[in-house]
Structure formats: C-alpha cells, structure tokens
2 protein chains.
Amino acid sequence: MGTTQLESAQEPKYWHLKTVLSEALDSEFSVGEILPNERDLAARFGVARATLRQALEQLELEGRLQRRRGVGTTVAPPRVGVSVGTTAQAWPGAADDSWGGLDGAEAVPPTAVARALGTADGEQVHTVRRSRIFAGRPVAAELLYIPAASVPGLPAIDTPTGALRARAVLRELQRSTLQGQDRSVELGSVGADDARELDRLPGAPVLVVTTRFYAGDRTAAVSVATYRADTCRLTFGDSGGVEIHQDPERHAS
Amino acid sequence: MGTTQLESAQEPKYWHLKTVLSEALDSEFSVGEILPNERDLAARFGVARATLRQALEQLELEGRLQRRRGVGTTVAPPRVGVSVGTTAQAWPGAADDSWGGLDGAEAVPPTAVARALGTADGEQVHTVRRSRIFAGRPVAAELLYIPAASVPGLPAIDTPTGALRARAVLRELQRSTLQGQDRSVELGSVGADDARELDRLPGAPVLVVTTRFYAGDRTAAVSVATYRADTCRLTFGDSGGVEIHQDPERHAS
DNA sequence: AAGTGGTCTAGACCACCGG
DNA sequence: CGGTGGTCTAGACCACTTC
C-alpha cells in the first residue's frame, strides 16, 4: 500500500522522511526539545525503524538533531562558529582560554607528520594534547607535534608527562618566531581516543584541520585538530565576519 | 585478509571490520582495484550484508573507497588537495580554468544570504552557477549571489540566462574592488540538484564553503560552494604548502 | 540478462542512562 | 528497573550499469 502516491517519483523513503522531519523541526519544535522515540516515530510514519534511523542520521549529520544513547533525540542548537583563522586564539602557546585539558608527552609521530617536520623516521618529538572548549562543551581535540629543534631553549623537564610539561613546551615554542602557517580541512571520522574527549561515539564525523607552522623554511610544528562536524562551523574570517546561517542542506532550487 | 579472531572487548563488529579492511586496503590492494562484491565480502567475514555495508560506508566517508551502483567498490585515490585560499583561483571572475559549466540567471536568494548581502527580502540578485573541475572530475558546485549594486556598470543583457550572462556579470564584478573575504566551512549533505552535478547520490557528504566578499564595508557577493567531502581536502595555504597525507582516521594511539 | 550497490523490512539483542 | 538509542541479522526488492 503506497502511502503518499502522488509524489516522489522514486525518491527513497528515508529521503522524503528527512524532508518531512526537517520541516517539522522548523515549525513545530524548539531547540532542546525531545522528539518521540525512534520506535514511535517509525510507527507513526509507517516505516521500519532502520529507515527512520537513516533519516535521523542525515539530520544529525547536518547538525539539526542530537542523539544520545539511553536519553533520546533532541533538537540541536545552530552550529557554533569556531574561529580557526589567523588569530591569537589559534596560535599555539598564545594566551588563550578557549583551550583546556593540556597534556604533554614525547612520542614518535606518524610517518606523514614526520616527513613534514623533517625529522628522522622513528625520531621522538614533543607532543601536546589539548581540547578546545566552547560554551562549556568540548568542540575539538588537538594534537600538536613539536620537534626538539623547534624548542632549543627548553629547560630540563623532570615531569615525563602532564600539563606542566605541555606548558613548558608551548611557552618555548612561542618564543621561536612562527612566521606563517598552511592549513587544510578534510572530513574524517573520530577514533576511539578522541571520541571520548569529544563526547561522541567512535566513527562520528569530524572536520580534521591539519596546520603546519613554519619559521623560515623550516616546519616548526604540526597540529592535527579534529572538530565535531555536527556542532561546528569553522570560520576563517580575517575580521569578525557576518553570520550567514545557512541550512546546510539544499542550496538552490 | 582472513577472519582474524582478535578479541575486542565489546567493540562493534562493523568497527573491527572497518579496521581489518583498512589494513587490507593498505597492504593488499592498489588504487583503482575492484573489491569483491558486498555479498561475497559479507559471507567471507561471516557477517550480515548490512553490517559489512556499515564498515564500507565509514571507509567511503574517509575517502578510502569509492562505490558506484551497478559497477562495484573500488579503492579510491588519495584525496585531492583543492586550494580555496586567497589565490587568483578562488577569486570570482579572475582568469581561471579550473572552473567550468558557467550559467547565469537572476533569482531571489535565501533569506540568510539576502541578510548578508543587505538586499531587501524578496529582491532579485544575479546568480552565477559554476562547477569546479579537477583532473577531469567535478569536485565542487558553486552558487554565487551578486546584488545589482555590486555590478553597476553591467551592460544591458539580452540573454536571460546562460554562460554569456554569467560571464558578463563576473567580468563586471571583477572591475569592482573586492577587498577581502570571510570564509566558513561546515559539513553538509548534497541536495538533489548539486548531486547530479557532482556525480554523487543525494545525501552524500559535502564540505560547504560559504564566502562573503566585501568591498569597503559592503558585501559585494556571497558564494556557497559545496565540495565533495569524500574526494577533497581543502587547502588554505598562503603558499604552495607541503602535503601532509594523513590517514583521516585515528590520530593518536 | 546478469551482476552490482541502494533501499527496506521485521524482527532481536545489547549498552547506556535515568529514576 | 524500564526506556532510550546502537548494533546486528536474514532476507527481499529496486535502480543502475555492463555485456
């Protein structure tokens, strides 16, 4: 029995469902409100739960919904505009309170990073982990790689790991003259490690921002930051910038 | 790629499967090679097809695989680094051969865009559609909004739509002095319209780059570009930049 | 026509959260 | 404990591409 027969040509059910739900979210729900549970929703629309879930997944990907196991599905607030521009915010070691959870250590970087840093394969570098907080919520997890050559004046460190060590490395890095940076953004999925830090399940989509800091013709440090793709909009504005809150789906018609 | 029996606490099957497949891709397959079909793969790993598909979806999201209905699943080439920096490439109207498929028209922009442009609600603006080509493949679809005030010297246009009209608008826009731009990047899913242009199915993940061009304190134009998230890595380098080809999954261990 | 990935179903059980 | 979303199954049919 075809429910709505006139329309849809051969549009997939989950796609049509997503559209219907999206419109309902705009008109009948407010931010933070809890939706009916998946089994009820599926029954109401006359589809299998898996199909309903496919629609919800899309909406979550677009930042419209937030789902939490054991709790329910809620209407998500608009995406947060997070600056990753050439601001003091993003500069490692700069005075800055939007980053937290500092932790330092020493480790062998992935070969791709080692090549960019110009370090020998298997050579240890300083690493600093930190997480970016916005409105009380973690939005990003960053891993900085700093070769020993970039922090020549680093005093003897007695703590092998921890926030103290991280702060010492950052302080010393800041003293060296960072002259510029290359950045790239791509889609990734969060690993088990960062997942906990970002309060998401493994596999959740993230925007991976890879930054190469250079001083002279040398790469002074490499940062790999993973931003929650569902809640973040990365802004690269040179100035404050006007907000253009666009629905991430559909751009023409 | 045998059925390794490593115990995994309570790691989901699809997650473990993804890891196994990922390693197999690195060691036993080369770019462009076709994988066995989903039914065979599922049988080989002793899981349901839906579970196998969940793993493949993740790998496709990370740009490791490419799936085409009616054809099969192939190993994807590394992501393409697409420059969206302050280069002549990205400047609308600049001499530039990486954009194609020009089409111009006049339309009422979405309210969010209209607010940024400072045009009245319901006021028509010039629009230019174009698609970005890289290595023969479409990687992005862009929609430019240009208010009439930004192209005062625009000659009378007899063609209501088409490439000619688009070129005329871009040429005139280029004559005005664009002074800067704000940019933001977020995750979205491609609509039915752009999907065809990007050779993807509707709902495929895209990186939505919203750019506001301004001249003086006025917004001269707004561009909404959707890049294929599976095949693209957006680069913002001020210089050419060193390639850091990082596996988009897992960044620490 | 044969083979591929894409959609959909109707169930089941599990992990997590709250009272 | 009950309710939520997360995982998984074993099937079915469809849309598309290729031969």
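Fair warning: this is a prediction, and the values are worked out from it, not measured in the lab. Numbers restart at 1 for each chain; the letters A, B, ... are given by sequence-line order, proteins then strands.
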Legend entry - Relative orientation of the end axes in the helix from dA1(C)-dT18(D) to dG18(C)-dC1(D), expressed as an angle to the nearest 10° (five pairs per end):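 Here the local axes at opposite ends form an angle of 10°.
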Side-chain polar contacts of residues 196-209 of chain B - donor-acceptor pairs under 3.5 angstrom, sequence neighbours left out - could you list them?
unit_1, atom_1, unit_2, atom_2, d
Asp199(B), OD2, Arg68(B), NH2, 2.7
Arg200(B), NH1, Asp230(B), OD2, 3.0
Arg200(B), NH2, Glu60(B), OE2, 3.1

Nucleotide [N], atom [atom2] - distance to [atom1] of [X] in whole Å:
X: Gln66(A); N: dT4(D); atom1: CD; atom2: P; result: 18 Å
X: Glu38(B); N: dG11(D); atom1: CD; atom2: P; result: 17 Å
X: Arg200(B); N: dG5(C); atom1: CZ; atom2: C1'; result: 12 Å
X: Asp40(A); N: dT4(D); atom1: CG; atom2: P; result: 7 Å
X: Lys18(B); N: dT7(D); atom1: NZ; atom2: P; result: 12 Å
X: Lys13(B); N: dG6(D); atom1: NZ; atom2: C1'; result: 14 Å
X: Leu201(A); N: dG5(D); atom1: CG; atom2: P; result: 13 Å
X: Glu11(B); N: dA15(C); atom1: CD; atom2: C1'; result: 15 Å

Of all residues at least two apart in sequence or in a different chain, which pass the side-chain contact (heavy atoms from CB on, under 4.5 Å) check with [X]?
X: Ala43(A); answer: none
X: Val20(A); answer: His16(A), Phe45(A)
X: Thr111(B); answer: Asp121(B)
X: Thr73(B); answer: Leu35(B), Leu65(B), Arg67(B)

Residue-phosphate contact under 4.0 Å: [X] side-chain N/O, [N] OP1/OP2:
X: Arg67(A); N: dG6(D); value: yes
X: Tyr14(A); N: dC8(C); value: no
X: Thr73(A); N: dT4(D); value: no
X: Asn37(B); N: dG3(C); value: no

Inset, instruction - Compute whether any side-chain donor of one residue and acceptor of the other, for Thr231(B) and Arg137(B), lie under 3.5 angstrom apart. - result: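 Arg137(B) and Thr231(B) do not have a side-chain donor-acceptor pair below 3.5 Å.
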Legend entry - Residues forming a side-chain hydrogen bond (donor to acceptor under 3.5 Å, both in side chains) with Thr51(A), sequence neighbours excluded: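 Testing Thr51(A) for side-chain hydrogen bond (donor to acceptor under 3.5 Å, both in side chains), a comparison that skips the adjacent residues, returns none.
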Inset, instruction - With sequence neighbours excluded, tell me which residues meet side-chain hydrogen bond (donor to acceptor under 3.5 Å, both in side chains) with Ser27(B). - result: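 Scan of Ser27(B) (side-chain hydrogen bond (donor to acceptor under 3.5 Å, both in side chains), adjacent residues dropped) gives none.
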Contact list (N/O, under 3.5 angstrom) for nucleotides 13-19 of chain D vs protein:
unit_1, atom_1, unit_2, atom_2, d
dA15(D), O4', Arg69(B), NH1, 3.3

Inset, instruction - Rounded to the nearest 0.5 Å, what's the gap from CG on Leu25(A) to CD on Glu23(A)? Could you check? - result: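 These two atoms lie 10.0 Å from each other.
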Legend entry - Residues within residues 50-58 of chain A bordering DNA chain D, heavy-atom distance below 4.0 Å: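 Arg53(A), in order of number.
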Legend entry - Pairs meeting criterion salt bridge (charged side-chain N to carboxylate O under 4.0 Å, His left out) with involvement of residues 39-49 of chain A, two or more places apart: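 Qualifying pairs, neighbours excluded: Glu38(A)-Arg49(A).
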Inset, instruction - Tell me, please, which residues at least two apart from Glu106(A) pass salt bridge (Lys or Arg N to Asp or Glu O under 4.0 Å). - result: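 Salt bridge (Lys or Arg N to Asp or Glu O under 4.0 Å) list for Glu106(A), sorted by chain: Arg165(A).
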Legend entry - Under-4.0 Å salt bridge between Arg129(A) and Glu142(A):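 So Arg129(A) does not pair with Glu142(A) through a salt bridge.
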